[in-house]
A.B. asks: 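Following this message is one structure expressed as structure tokens.
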Number of protein chains: 2
Amino acid sequence: MEKDHSAEVKILDAARHIFVEKGFNGCSSREIAKEAGMNVALVNYYFKSKENLFHLVVSSIMKEFAHSIFEVFKSDLSLEQKTRILIENEFDLLARHPEIPSFIIGELSKKDQNFFQCLDFENEIEKASIHKQVSEAQANGGMRKIDFVNIMLLIMSNCHFPFLAKPMIQTVHSVTDTQYQDYLKIHKQYVTEMVINYLFPTK
Amino acid sequence: MEKDHSAEVKILDAARHIFVEKGFNGCSSREIAKEAGMNVALVNYYFKSKENLFHLVVSSIMKEFAHSIFEVFKSDLSLEQKTRILIENEFDLLARHPEIPSFIIGELSKKDQNFFQCLDFENEIEKASIHKQVSEAQANGGMRKIDFVNIMLLIMSNCHFPFLAKPMIQTVHSVTDTQYQDYLKIHKQYVTEMVINYLFPTK
DNA sequence: AAAGAATTTAAACAAGCGTTTAAAAAATCT
DNA sequence: AGATTTTTTAAACGCTTGTTTAAATTCTTT
């Protein structure tokens with residue numbers, strides 16, 4: 001028999017919203033249940049525990065963000081084009097979910113690291129055979145010889161940090177939300193140019 | 001009369017250690033008091049409330065990091081040299097306190113932004129007259145014409161994110177602590193070269 | 001040494017926490 | 001329609017939270 005999922009989904013949506021806004025320790029099961037319009041006991045009825053619900057929320061968010069990256073890895077493009085699209089996609093995705101990076105960073109720093117190894121991103125990277133494409137490009141001089149981890153670190157640093165540091169920058173430089181949007185828009189262009197120039201120097 | 005500060009300092013040190021490790025909502029006043037070897041009531045006797053103690057801890061941390069930056073701003077060097085030293089200093093400071101960025105980012109995203117405006121960084125920036133130096137360098141073609149906020153965003157992104165993303169990268173790429181240290185060491189060189197090349201293109 | 005102020009303590013406060021229970025309500029099946 | 005299972009509910013569980021109180025202790029001053 002099929003059960004009606006609406007209660008489960010309502011709780012999951014509310015949990016995602018509240019966990020992201022306040023963190024695991026910054027909210028209560030009752031608060032999540034209230035936002036979902038449900039009784040407190042239903043949280044544990046459907047999801048066993050607050051911790052388990054949190055685990056599900058974080059996993060689904062990380063999969064969403066990882067999917068966006070792996071789609072580009074798997075596409076049939078040059079590495080330079082992949083880099084451009086990667087930056088474009090990250091800025092777009094982050095503009096739609098600007099609060100996610102600080103949530104992930106903040107929560108992941110408090111939990112043990114083995115907590116999310118089940119997602120198995122290494123397998124996905126392998127399937128996209130992006131390592132091979134990088135090695136070949138570096139062998140024929142089309143790309144600067146840098147380890148793949150450092151390449152991803154360079155790209156992701158420049159995409160994610162502007163969103164992570166938004167509250168910081170706004171405090172330090174007295175910037176409004178609208179002004180910050182403008183900074184982000186032009187910043188994407190700077191980042192693209194800087195990273196491409198560095199990774200593909202012969203161009 | 002002078003009071004003995006040892007109890008106050010012990011609590012402040014314990015608070016900094018535990019707040020940074022577990023976040024404001026991730027620890028209790030009793031836990032802080034226990035680490036300081038004091039009675040719970042002393043936390044409120046000396047610091048009025050947990051929130052106020054937290055405020056003091058965050059302010060002192062942010063001043064420490066800001067000081068390191070303003071020292072470079074105020075020095076008598078070219079912008080290119082300042083950029084090099086800024087990156088060098090940030091990587092060194094972060095290597096000594098790798099858990100601070102994720103603490104600041106994680107906690108600042110949950111609190112209201114006016115919370116820390118009392119630190120008045122804008123005044124410090126003004127005193128260092130860094131804006132003037134940038135304008136002049138950009139006028140005579142020595143530096144790419146980018147707003148100061150975007151310049152700082154470029155530099156800080158590449159310094160801080162590698163420390164923010166450490167748990168993430170280690171999960172995704174199965175990297176040990178020692179291996180990650182090596183990635184960081186070489187990454188500092190990449191970042192310096194990339195940022196300098198981009199901000200001072202004629203060199 | 002006595003008096004007064006500052007510090008430290010154990011105990012208690014109400015409130016909120018995650019989770020469980022057992023009964024009520026709704027839905028499903030025969 | 002009656003029986004059975006699934007979903008929802010209110011209430012309670014023991015425990016921890018930040019904070020306060022009032023008594024005990026230590027220190028300082030006279």
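Below, chains carry the letters A, B, ... as their sequence lines are ordered, and counting in each starts from 1.
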A.B. asks: Could you please name the option among D:dT19, C:dC17, C:dT7 that lies closest to any side-chain atom of B:V40?
C.D. replies: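 Shortest atom-to-atom distance from the side chain points to D:dT19.
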A.B. asks: Run through A:E80, A:Q81, A:E88 and flag the one making a side chain to side chain donor-acceptor pair (under 3.5 Å) with A:R84.
C.D. replies: A:E80
A.B. asks: Does one side chain, of B:N158 or A:N158, offer a donor that lies under 3.5 Å from an acceptor on the other?
C.D. replies: yes
A.B. asks: When you measure from the side-chain N and O atoms of B:S28 to the phosphate of D:dT17, is any distance below 4.0 Å, counting only OP1 and OP2?
C.D. replies: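 For B:S28, the contact criterion (side-chain N or O under 4.0 Å from OP1 or OP2 of D:dT17) is met.
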A.B. asks: Look at all strands and tell whether B:V43 reaches a base, only sugar-phosphate, or nothing, counting heavy atoms closer than 4.0 Å.
C.D. replies: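 It contacts nothing in the nucleic acid.
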A.B. asks: Report the nucleotide, chosen from D:dT8, C:dT8, C:dC17, that has the shortest atom-to-atom distance to any side-chain atom of A:L42.
C.D. replies: D:dT8
A.B. asks: Charged N to carboxylate O below 4.0 Å: is that the case for A:E122 and A:K127?
C.D. replies: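 Looking at A:E122 and A:K127, the cut-off is not met.
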A.B. asks: When you get a sec, tell me which of D:dA10, D:dT19, C:dT19 is the closest nucleotide to the side chain of A:A41?
C.D. replies: D:dA10
A.B. asks: Flag this pair as yes if the NZ/CZ of A:R144 is under 6.0 angstrom from the six-membered ring centre of A:F200 and inside a 45 degree cone about the axis; otherwise no.
C.D. replies: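 Not satisfied by the 6.0 Å and 45° rule.
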A.B. asks: Rounded to the nearest Å, what distance is computed from the NZ atom of residue A:K50 to the C1' atom of nucleotide C:dT20?
C.D. replies: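 That distance rounds to 17 Å.
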A.B. asks: Indicate, with yes or no, if the rings of A:F161 and B:F161 have centres closer together than 6.0 Å.
C.D. replies: no
A.B. asks: Taking atom C1' of C:dC17 as reference, at what distance in whole Å does atom CG of A:N44 sit?
C.D. replies: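 Interatomic distance, CG of A:N44 to C1' of C:dC17: 12 Å.
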A.B. asks: Roughly how many Å is it from CZ in B:F47 to P in D:dG18, rounded to a whole number?
C.D. replies: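 Computing the B:F47:CZ to D:dG18:P distance gives 16 Å.
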A.B. asks: In whole Å, I'd like the distance from the NZ atom of B:K34 to the P atom of D:dT17.
C.D. replies: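 Answer to the nearest Å: 11 Å.
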A.B. asks: Please lay out, stage by stage, how A:E35 and A:K10 fare under the test salt bridge (charged side-chain N to carboxylate O under 4.0 Å, His left out).
C.D. replies: CA-CA 9 Å; A:E35 165 128 339; A:K10 274 182 196 165; over 6 Å; no
A.B. asks: Go nucleotide by nucleotide along DNA chain D from the 5' end; which of A:Y45 and B:E31 gets its closest nucleotide reached first?
C.D. replies: A:Y45
A.B. asks: What is the separation between atom OH on A:Y46 and atom P on C:dG18, rounded to the nearest whole Å?
C.D. replies: 20 Å
A.B. asks: Once you round it to whole Å, what is the distance between P of C:dC17 and CZ of A:F54?
C.D. replies: 17 Å
A.B. asks: Going by distance alone, is a donor N or O of one side chain under 3.5 Å from an acceptor N or O of the other, for B:D177 and B:Q170?
C.D. replies: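 There is such a pair (donor and acceptor under 3.5 Å, judged by atom type) between the side chains of B:D177 and B:Q170.
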A.B. asks: If you compare every side-chain N and O of B:N39 against the phosphate oxygens of C:dT8 (OP1, OP2), does one of them come in below 4.0 Å?
C.D. replies: no
A.B. asks: Go through the N and O atoms of the side chain of B:R30 and the base of D:dG18, and report whether any donor-acceptor pair is under 3.5 Å.
C.D. replies: yes
A.B. asks: So does A:S29 get a side-chain nitrogen or oxygen closer than 4.0 Å to the phosphate oxygens (OP1/OP2) of C:dG18?
C.D. replies: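 Yes.
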A.B. asks: Between atom NZ in A:K22 and atom P in C:dG16, what is the gap in whole Å?
C.D. replies: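 Rounded to the whole Å, the gap is 13 Å.
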A.B. asks: How many Å lie between CG on B:N25 and C1' on C:dG18, as a whole number?
C.D. replies: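 These atoms are roughly 16 Å apart.
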A.B. asks: Which angle, to the nearest 10 degrees, lies between the helix axes at the two ends of the helix from C:dA1-D:dT30 to C:dT30-D:dA1, each defined by five pairs?
C.D. replies: 10°
